[in-house]
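Only a predicted model underlies this, so the values are computations on that prediction, with no experimental measurement involved. Any value given below was found using the heavy atoms of this structure, including those in side chains, with hydrogens, waters and symmetry copies removed. Each ligand, and each atom within it, is numbered from 1 in the order the structure gives.
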Amino acid sequence: MAAQILDGKAIAAEIHEDLKREAAALREAGVTPHLSVVLVGDDPASHTYVGSKVRTAARLGIDSRDYVLPATTSESDLKQLIRDLSADPAVNGILIQSPLPPGLNYRAVVDCVDPAKDVDGLHYYSIGALVAGQATLPPCTPAGIMELLRRAGVDPRGKEAVVVGRSDLVGKPVSMLLLHRHATVTICHSRTVDLPAVCRRAEILVAAVGRPRMLTADYIREGAVVIDVGINRVDGKLVGDVDYAPAAEKASCITPVPGGVGPMTIAMLMRNTLTAACTQAGLPQP
Ligand code: NDP
């Protein structure tokens, strides 16, 4: 049986409509939601992502400003910019596009963001809140995955979830969010023994590895919900970490690449920006 396609692009478009209304309501209440995006260096993929974030913000009625800095920027200058943005009452959200060029310590820079403006959810404070089940600004890709599952009617409660990848950006936080929704979670990584066998246990399988088409049909349990986070460029085309066509033969639901998790990530960034704007203005959450 062919899998249901979890169309992140269409779901993100629905969320955008809600966010547009929320941004308009905020403006009527006298608050102009604002996102500042900081990009250092000339990584082409990062420039594409930042462009897409800024354009989406504009479409939704969220003001944004991108700070594009040369790769030669010193860490102390970058930290000062982040501190200035953190102190600026007109700025509700701050995003530092990763990766930073070599020589700049991403962790040290992110920790200069005011946690109330940490719309990427990656400050140590935000990570702690997430682990405690108290995140108000959850990291965007994991939050997008949970929203995709929710809208597809997939309840993680009691299910076997396997997450391949243990990065701070995706693997660990999505594992926490699944745990909070009462899944039984296994986190896999490069030292996991017999990865296909572990993955075949999964009723919900999240692939966040960064290796093109690594998870073949052999990794997929019949009827599994498969979430492919991977974005890999192969021969000029974007492909995921899952070998899509054969996996779709076994899965009950699957995300495509592109058009699955990616658009949800941006939608969650916008949602976090509005959440931060409400909190900072002392208004109830939309
Ligand atoms: P990282 O490189 O930080 O982490 C990759 C993880 O995969 C690591 O934990 C690593 O294990 C594990 N891994 C690598 N090789 C293997 C293997 N052979 N077997 C098992 N595990 C393995 O990547 P990210 O988490 O940042 O990103 C993962 C993918 O998701 C990338 O393709 C990235 O581009 C994409 N991405 C997509 C987003 C979106 O919006 N759709 C957003 C963010 C990322 P170990 O820890 O042992 O090294």
- Message: For atom 30 (O) of ligand 1, which of the options V261, V239, L195, V229 provides the nearest non-hydrogen atom?
- Response: V229
- For ligand 1, which atoms, with element, lie under 4.0 Å from some heavy atom of R191? 47 (O)
- Query: Can we say D88 and K117 salt-bridge, meaning some charged N sits less than 4.0 Å from an Asp/Glu carboxylate O?
  - Reply: no
- Please verify whether a non-hydrogen atom of A208 lies at under 4.0 Å from ligand 1. yes
- Answer with yes or no whether the side chains of D118 and S126 bring together a donor and an acceptor at under 3.5 Å. yes
- ligand 1 to G210, heavy atom cutoff 4.0 Å, flagged ligand atoms 28 (C), 29 (C), 31 (C), 32 (O)
- Query: Who's the nearest protein heavy-atom neighbour of atom 44 (C) of ligand 1, and how far?
  - Reply: V170 CG2, 4.0 Å
- Numbered atoms and elements of ligand 1 in range of T265, under 4.0 angstrom, heavy atoms: 39 (C), 40 (O)
- Considering only the protein, which heavy-atom contact is closest to atom 20 (C) of ligand 1, and what is its distance? H189 O, 3.1 Å
- Query: Are side-chain heavy atoms of L205 and R200 found at a separation under 4.5 Å?
  - Reply: no
- Query: So which heavy atom in the protein is nearest atom 25 (O) of ligand 1, and how far is it from that ligand atom?
  - Reply: S167 OG, 2.5 Å
- Task: Find all atoms of ligand 1 within a distance of less than 4.0 Å from any non-hydrogen atom belonging to R211, and give their numbers and elements.
- Result: 14 (C), 15 (N), 16 (C), 18 (N)
- Message: I'd like to check M264 versus I145 (side-chain heavy atoms, cut-off strictly below 4.5 Å). Are they in contact?
- Response: no
- Message: Checking a contact table here: which protein heavy atom is nearest atom 5 (C) of ligand 1, and how many Å away?
- Response: V209 O, 3.3 Å
- Query: T141 and T265: which non-hydrogen atoms are nearest, and at how many Å?
  - Reply: OG1-OG1, 3.0 Å
- Message: Checking salt bridge (charged side-chain N to carboxylate O under 4.0 Å, His left out) between E14 and each of K9, R151, K20, which is the one that passes?
- Response: R151
- With atom 32 (O) of ligand 1 as the reference point, say which of I231, I266, L169, I145 has the nearest heavy atom. I231
- Measure the shortest side-chain to side-chain distance between P138 and N272 over non-hydrogen atoms and say whether it is less than 4.5 angstrom. yes
- Note on the structure: Taking only non-hydrogen atoms of G165 and a 4.0 Å limit, the atoms of ligand 1 in range are 6 (C), 7 (O), 9 (O)
- Message: Using heavy atoms and a 4.0 Å limit, tell me yes or no: is G262 in contact with ligand 1?
- Response: yes
- Task: Closest by any non-hydrogen atom to atom 17 (C) of ligand 1: pick that one out of R166, M214, M264.
- Result: M214
- Message: I need the contact type for N232 against ligand 1. Using non-hydrogen atoms and a strict under-4.0 Å cut-off, is it side chain, backbone, both or neither?
- Response: side chain
- Message: Just to confirm my output: which protein heavy-atom neighbour is closest to atom 42 (C) of ligand 1, and how far is it?
- Response: T141 OG1, 3.2 Å
- Message: More than 12 heavy atoms of other residues, nucleotides or ligands under 6.0 Å from OH of Y125: yes or no?
- Response: no
- Correct closest heavy-atom pair for I15 and M268 would be CD1-CE, 3.8 Å
- V164 side chain near T192 side chain, heavy-atom distance below 4.5 Å: no
- Pair R271 + E147: basic N to acidic O under 4.0 Å: yes
- Note on the structure: If you scan protein heavy atoms around atom 48 (O) of ligand 1, the nearest is S190 OG, 3.7 Å
